[in-house]
Amino acid sequence: MTHPLPRIALLATGGTIAGLADDAADLIGYRAAQLGIAALLARMPALDGLATLVAEDIAAIDSKDATPAFWQAVGQRVQAAVDDPAIDAVVLTHGTDTLEETAWYLDLTVQTRKPVVLTGAMRPASATLSDGPQNLTDAVRVAADPRAAGRGVLAVMNARILAARRVAKQHTSSLDAFGLRDDAIGAVYDGAIRWRDPLPRMAAPVSPFSVRTPLAAVDIVVGYAGCSTAPIDALVAEGVAGLVWAGTGNGAVPTTVAARLRAATDAGVVVVRASRGGRGTVTRCAPDDDQPFLHSGDLDPGKSRVLLMLALGAGEAAAALQGRFDAVATPRVTP
Ligand code: SIN
């Protein structure tokens, strides 16, 4: 008996995977988001044996131009796709620059156990050896794998499978720009998918948010030796609802900054301490948490921002916010 191929909604948003340069050797001076998904698929080996693709262009942007409104529009389209009983999974092509933010937003908001997999490319479609076709093929393979269900939103780049909470672009140009080997929850080798054994089922956080949840204004301020406090005051004057402090080390707050962040909290702004270091967990520690600041756990500043935007947008009470970070920022292992 033959099984029908999975039906996958392939939603394209632009990025380098759809980028073109005038010269195949040009890996930098290209224009992102030039090819529609049909043209992109026409340039690569057919994926017919892996899945039945229902392809659609839903945006055509360089992902540096992504906005919260873009996340919501993409999220609503992804939610509609997974709600369609005829669709088994979603693959989203996306620019690599902000892929991690969109992936995390979708992880927090799209309600589904169906696989949702993001991918992109570090080299444009016009490059002699573009990574786009391989990444897209691998992403379709992962989305078509029933074992991908219930793991939350995934990213597939350079043969690695990464959970949305872990995916982060860490190199400006390498094909291996995303995540480190230990971050991967699986890999695609020679057309086969190897999930890590024992399976860490990093399921989507049990999230009260949806793709309709409003997003509050939250900005990130970065710490460094001798940093100015002017951005904090300016953002508070602008009316932000929250600030993520991307501090050094364990989200450390210099004395001069602490006074201004304290003034921000007095003005009703929620402050979360995260770390610009990119790895490790930001824990509660004195004296920073003698101030009324939250700490981000294992979420980096960008992901902390997305969570705070949703939590404040949903009207969560200030007293519940650290609990929300604690619940979401700790990887969930379920049987
Ligand atoms: C983008 O993020 O859209 C451009 C860069 C890339 O996709 O690698």
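Keep in mind the model is a prediction, meaning the values are calculated, not measured. We count ligands from 1, going down the list as the structure has it; atoms in each ligand are counted the same way.
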For atom 8 (O) of ligand 1, what is the nearest protein heavy atom, given as residue, atom name and distance?
Thr96 OG1, 2.4 Å
Looking only at N/O atoms, are Asp62 and ligand 1 under 3.5 Å apart anywhere?
yes
Flag for Thr102-His94: side-chain donor and acceptor within less than 3.5 Å
yes
Is it the case that ligand 1 has an N or O less than 3.5 angstrom from some N or O of Ala121?
yes
Suppose we measure from atom 3 (O) of ligand 1 to each protein heavy atom; which comes out shortest, and what is that distance?
Ser63 N, 2.6 Å
Between Lys169 and Asp97, the two heavy atoms sitting closest are NZ-OD1, 2.6 Å
Atoms in ligand 1 with a heavy atom of Thr16 nearer than 4.0 Å:
4 (C), 5 (C), 6 (C), 7 (O), 8 (O)
With no hydrogens and no angle check, do the side chains of Thr16 and Tyr30 hold a donor and an acceptor under 3.5 Å apart?
yes
Tightest non-hydrogen contact, residues Ala81 and Val90, listed as CB-CG2, 3.7 Å
I need the contact type for Ala33 against ligand 1. Using non-hydrogen atoms and a strict under-4.0 Å cut-off, is it side chain, backbone, both or neither?
neither
Distance under 6.0 Å and angle within 45° of ring axis: Arg151 vs Trp195
yes
